[in-house]
Colleague: 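Take a look at the following structure, please.
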There are 2 protein chains.
Amino acid sequence: MSKTYSISELATEFDVTTRSIRFYEDQELLRPARRGQTRIYSSKDRVRLKLTLRGKRLGLSLAEIRELFELWDETRSGSEKQLQLMLAKIGERRAALEQQMKDITMVQLELESAEIRCRQALEELNQKRSDEQRPRASG
Amino acid sequence: MSKTYSISELATEFDVTTRSIRFYEDQELLRPARRGQTRIYSSKDRVRLKLTLRGKRLGLSLAEIRELFELWDETRSGSEKQLQLMLAKIGERRAALEQQMKDITMVQLELESAEIRCRQALEELNQKRSDEQRPRASG
DNA sequence: GACTTTCTTTACGTTAACGTAAACTTGTTT
DNA sequence: AAACAAGTTTACGTTAACGTAAAGAAAGTC
C-alpha cells in the first residue's frame, strides 16, 4: 500500500486551491482514482502536480505541460517517430531554459546594481540629515 | 541627435506586433514622443521595451513590470520610504529569481535524463531492426 | 490624382486559468 | 436527528494580454 492523498491535503501542501487541482484534472494533467465520488491521489499524482506547478513557474501553459506528459508516456512504448518528436521537444525546452537562464542572470545583475544605487541614495539621505542636525562651520 | 525608431522597426527587431507595442504604451510601460500623430521611439524607449519583454519571459505581468519601472524612476529623487520599498521589491524579485533558477536546474536535469532514455530506446529499436534483418543463429 | 504603405484610433472578440456561487452527497460529531 | 466538514458537479464570471477588424490620416510613388 503506497501512500495516498486527499485533494485538500495536496492543496495545502502545494498552496493551491482545490479548484485548481480539479481544473488540472479537467485539462487531463491528473488522473486520480476514485472511491465513490471522492478523488484519491497517489504519490504518482502528487509528482505530476509538483511537475505541473514547476512548469507553471517556468511559464509553460497547461496545454504545453500536458503535451510533455503525454509525450513522455508514449515514450515508453514509443515508435521511432515519437521518440524523435520527444527529442525535438526536449531540445526546444532546453533552449528556452537556457534563454531563461541568461535572462535571469541579466536581471540579477541589474537588480544588484539597482540595490547598490538604492543603498547609496539612502546613505546620502542620512548624510544630509546628520549635516542638518549639527550645522557647525558653514559659510 | 540620438537614434530614433519607428514602431514597426521595433516590432520587427523584437519580433512582437505593433499592437503589442501600443498596448504596452496603453499600460504606461512606454512613453514614446510624437511627430504629429506618429510615435517616435528613442533608444531609451527601446531599452524599456527590451526590459519589458525580458520581464515577460520571466513570467512577470505587465503591471508588475510597470511597477518596477515606476519605482525605479522614483528612486532618483526618492524619499527614504520609497527607497526602502524599492529595496524590498528588489529583494522579492531576487528571491523569485533564485527559485526560478532552482526550477530550471531541476528541469534541466530531468530533461537530460529524459533525453538519455530516449536515445537508449532508439538504440534498442535499431538493434531489433538489424536483428530481424539477419536472423542467423536463433533457437 | 489614384494607389500603396505605414501609421493612427476605437472597439469588440478571444483564450487561459482559474474564482465564485449554488445545490447536492457522504461521513462524523454532538 | 441535526449540524458540520469535506467532497462533488455544474455553470457563469473575471482578468490579462493581446487579436482582429473598421475606418481614416499622412506620406511617398507611379
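As the structure is a computational prediction, the values presented were derived from the model and not from experiment. Letters go in sequence order (proteins before strands), and every chain restarts at 1.
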Colleague: Establish whether Leu125(A) and Leu87(B) are linked, either directly or via other cluster members, by ILVMFWY side-chain heavy-atom contacts under 4.5 Å.
Modeller: yes
Colleague: For the pair made of CG in Leu29(A) and C1' in dA16(C), what is the distance, rounded to whole Å?
Modeller: 13 Å
Colleague: Counting only side-chain nitrogens and oxygens, does Ser6(B) get under 4.0 Å of the OP1 or OP2 atom of dT6(C)?
Modeller: no
Colleague: Rounding to a whole Å, what distance do you find between Glu67(B):CD and dA16(D):C1'?
Modeller: 16 Å
Colleague: What is the distance, to the nearest angstrom, from the CD1 atom on Ile7(B) to the P atom on dT5(C)?
Modeller: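 It works out to 19 Å between those atoms.
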Colleague: Could you tell me how far apart Arg22(A) (CZ) and dA16(C) (P) are, to the nearest whole angstrom?
Modeller: 22 Å
Colleague: Please tabulate the protein-to-nucleotide N/O contacts below 3.5 Å involving nucleotides 17-20 of chain D, giving atom names and distances.
Modeller:
residue	atom	partner	partner atom	Å
dA17(D)	OP1	Leu62(B)	N	3.0
dC18(D)	OP1	Lys56(B)	NZ	3.3
dC18(D)	OP2	Tyr24(B)	OH	2.9
dC18(D)	OP2	Lys56(B)	NZ	2.4
dG19(D)	OP2	Thr17(B)	OG1	2.8
dG19(D)	N7	Arg19(B)	NE	3.2
dG19(D)	O6	Arg19(B)	NH2	3.0
dT20(D)	O4	Arg19(B)	NE	2.9

Colleague: Please report, rounded to the nearest Å, how far the C1' atom of dA16(D) is from the CG atom of Asp26(B).
Modeller: 13 Å
Colleague: Under 4.0 Å between a Lys/Arg side-chain N and an Asp/Glu carboxylate O for Arg54(B) and Glu110(A)?
Modeller: yes
Colleague: Side-chain atoms of residues 62-71 of chain A: list all donor-acceptor pairs with protein atoms under 3.5 Å, sequence neighbours left out, distances to 0.1 Å.
Modeller:
residue	atom	partner	partner atom	Å
Glu64(A)	OE1	Ser61(A)	N	2.8
Glu64(A)	OE1	Ser61(A)	OG	3.4
Arg66(A)	NE	Glu70(A)	OE2	2.8
Arg66(A)	NH2	Glu70(A)	OE2	3.2
Glu67(A)	OE2	Lys89(A)	NZ	3.2

Colleague: For a quick test of reading the model, state the closest non-hydrogen atom pair linking Ile40(B) to Arg34(B) and the distance between them.
Modeller: CD1-C, 4.4 Å
Colleague: So, for Tyr5(B) and Ser43(B), which heavy atoms are closest and what is the spacing to 0.1 Å?
Modeller: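 What the structure gives for the nearest pair is CE1-CA, 3.9 Å.
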Colleague: Within the structure shown, what part of the strands sits under 4.0 Å from Arg35(B) by heavy-atom distance: base, sugar-phosphate, or nothing?
Modeller: nothing
Colleague: Indicate, with yes or no, if Met106(A) and Leu49(B) share a hydrophobic cluster defined by side-chain heavy-atom contacts under 4.5 Å among Ile, Leu, Val, Met, Phe, Trp and Tyr.
Modeller: no
Colleague: Find the distance Glu64(A):CD to dT15(C):P and express it as a whole number of Å.
Modeller: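 Atom CD in Glu64(A) sits about 17 Å away from atom P in dT15(C).
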Colleague: Verify the contact: side-chain N or O of Thr38(B) to OP1 or OP2 of dA26(D), cut-off strictly under 4.0 Å; return yes or no.
Modeller: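 The answer is no; no side-chain N or O of Thr38(B) sits under 4.0 Å from OP1 or OP2.
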Colleague: Using the closest heavy atom to pick a nucleotide of DNA chain D for each, name whichever of Gln37(B) or Tyr41(A) lands nearer the 5' end.
Modeller: Tyr41(A)
